[in-house]
Amino acid sequence: MENTAIEVRDLVVHRGKKPVLHGFSCAIPAGSVTGLLGPSGSGKTTLMRAIVGVQLVKSGTVTVLGKPAGDKQLRHEMGYLTQAPSVYGDLTVRENARYFAALYGLSHKEADAAIKDVGLEEAKNQLVGDLSGGQHSRASLACAIVSNPKILVLDEPTVGQDPVLRDELWKRFRGFAEAGTTLLVSSHVMDEANRCDRLLLIREGKLIADDTPAAVKASAGTDDLDQAFLNLIRAGETPGETS
Amino acid sequence: MTGLLASTRAELLRLRKWPALWVMGGVGLALNILFGYVFDYLSYRGGSGSEITESLAPEQVLSGLLPAHVPVTTVQGMPMFGGVILLILGALTMGGGYGWGTWKTVFTQGPSRAAAYGGTLVALFTVVIVLVTAAFLLNFSTATLIALAESQPLAWPPATGIVRAFGSALLIYAMWTAAGALAGTLARSPALAVGLSMLWALAIENLLRGVANVLGPIEALANVLPGTAAGSLAGSLGATAFSEDGTPGVLTTLSGGPAALLLAAYTAAFAVAAGLLLIKRDTV
């Protein structure tokens, strides 16, 4: 598909002996913000790792920008924010951003722009280890976006952020998408889902919905996404299963 | 090649901005001056030999503090004390990437793993060159001041002696840095890597050398340990062995050539082993 940035086909992933994804398939349109929603342990992070190309898969395919996930040529096209921040706590925000910029062959200018993009300009000279949890996470986000990637995979980027900052971050995500970046953003907070172009609802490693927020709500017969998620789960349960 | 250059540039930036590097470098240079010059000079000025220099006549103590003796004085503290600092540096640099979780981002988005590791190693060896150069410059300056203060002639060591000592110092520090890098990669944790490295360098090697006196097979092993090679290289330059009331870590087990070759082999082996582990093992 021409407009598809990420395509997952029949993906099966086991972590240890435990099956995590069971024949998962989805397509993520280019230049969109796609929300990956589901409860903790549903397989969101595993799917993201598979898309980024760091997860061993049992079967199935993951294609990113027309290349197999993990392909060398995708390295500079991908930005990945892990759940746990991955920045040096004993360097300042600016030093961290400049470190990652240098790693990608970029200048200080791009590093400073990334810091501005995540709203950390005032804290740029602070040691990352001295930042609050939310600032720490944003410092990590700055390092993930410093290379201006075409694909941005963000694992729970708004955890620990106050409502104002969360709102600002979502506006930034929208801005990235408008500039052509494809975003896959995981969350287990349903009120963030309305900000996405599309939603992937995942539970126990299975896709239970893949549509726009409005369509998901309509198909579940409710205006509330939380309730829609519950309705879709219940609708998918076979008789005799416990709820 | 582009990836290696980018990684080297990034790692140099990181090391330069890293407070721990300045602390370790400062401590290393301070120890070098304290044990190489300050204590001996104070004991010489006091007229009564300290515990360290009591077996030496005051003239012998002074001659060891003059510029002609700088190559030996500089290298003698490196096999053990200086080496441990570099061991910690290597362990923290590599282990820190796991501890802070940064390797996973680097390996996902940055240059190839081989380039990322190569850049880190080049940056670490650049630090080694800077530290060795700083130690020589500082020691030459201190020795010159002492010579002037004591109205001694400014006799310089031969250029070959300086080059040999400089090369030996680089080799000793490079070996310990590579050993630290391997420990950091093996442990995947800075704290564990530092602990294990120090245990090896300060306790286990010395214990093995102690046991070697009574057990033949252990002696063969003890004679080729990394610390033995480093201490022997310093000893081959004229540093007094610890067993002869000299500096801890200085040995006369091996002659200069074999010690240098062994150090080079250890440096290469540690560097390659750490690289292979980093490249082949899962990190995220």
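Not measured: the values here are computed from a predicted model. Letters go in sequence order (proteins before strands), and every chain restarts at 1.
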> If you look at every heavy atom in A:Ser86 and B:Thr102, which pair is closest and at what distance?
Replying inline: O-CG2, 3.5 Å
> CG of A:Leu91 to CG of B:Leu13: how many Å apart, nearest 0.5 Å?
Replying inline: 8.5 Å
>> I'd like to know if the side chain of A:Arg75 and the backbone of B:Phe107 have a donor-acceptor N/O pair within less than 3.5 Å.
In response: yes
>> With a strict 4.5 Å heavy-atom criterion, list every residue of residues 169-187 of chain A that contacts chain B, or say none.
In response: none
>> Between A:Pro149 and chain B, with a heavy-atom cut-off of 4.5 Å, which part of the residue counts as in contact: side chain, backbone, both or neither?
In response: neither
> Any side-chain heavy atom of A:Val54 within less than 4.5 Å of one from B:Lys104?
Replying inline: no
> For A:Leu103, is it the side chain, the backbone, both, or neither that has a heavy atom closer than 4.5 Å to a heavy atom of chain B?
Replying inline: both
> Taking every heavy-atom pair that is under 4.5 Å apart, which of A:Arg98, A:Met78, A:Glu95 has the most such pairs with chain B?
Replying inline: A:Glu95
>> If you compare all heavy atoms of A:Gly105 against all heavy atoms of B:Ala6, which two are closest, and at what distance to 0.1 Å?
In response: N-CB, 4.2 Å
>> Does B:Met24, at its CE atom, have more than 12 non-hydrogen atoms belonging to other residues, nucleotides or ligands within less than 6.0 Å?
In response: yes
> In terms of heavy-atom pairs under 4.5 Å with chain B, which of A:Tyr88, A:Tyr80, A:Tyr104, A:Tyr99 leads?
Replying inline: A:Tyr88
> If contact means a heavy atom pair closer than 4.5 Å, which residues of residues 108-133 of chain A contact chain B?
Replying inline: A:His108
> Using a cut-off of under 4.5 Å for heavy-atom pairs, which of B:Arg9, B:Arg16, B:Lys17, B:Arg14 has the most such pairs with chain A?
Replying inline: B:Arg14
>> Just verifying a value: how many Å separate B:Gln109 CD and A:Leu81 CG, rounded to the nearest 0.5 Å?
In response: 9.0 Å
> Between A:Gly70, A:Gly79, A:Ser140, which has the largest tally of heavy atom pairs under 4.5 Å with chain B?
Replying inline: A:Gly79
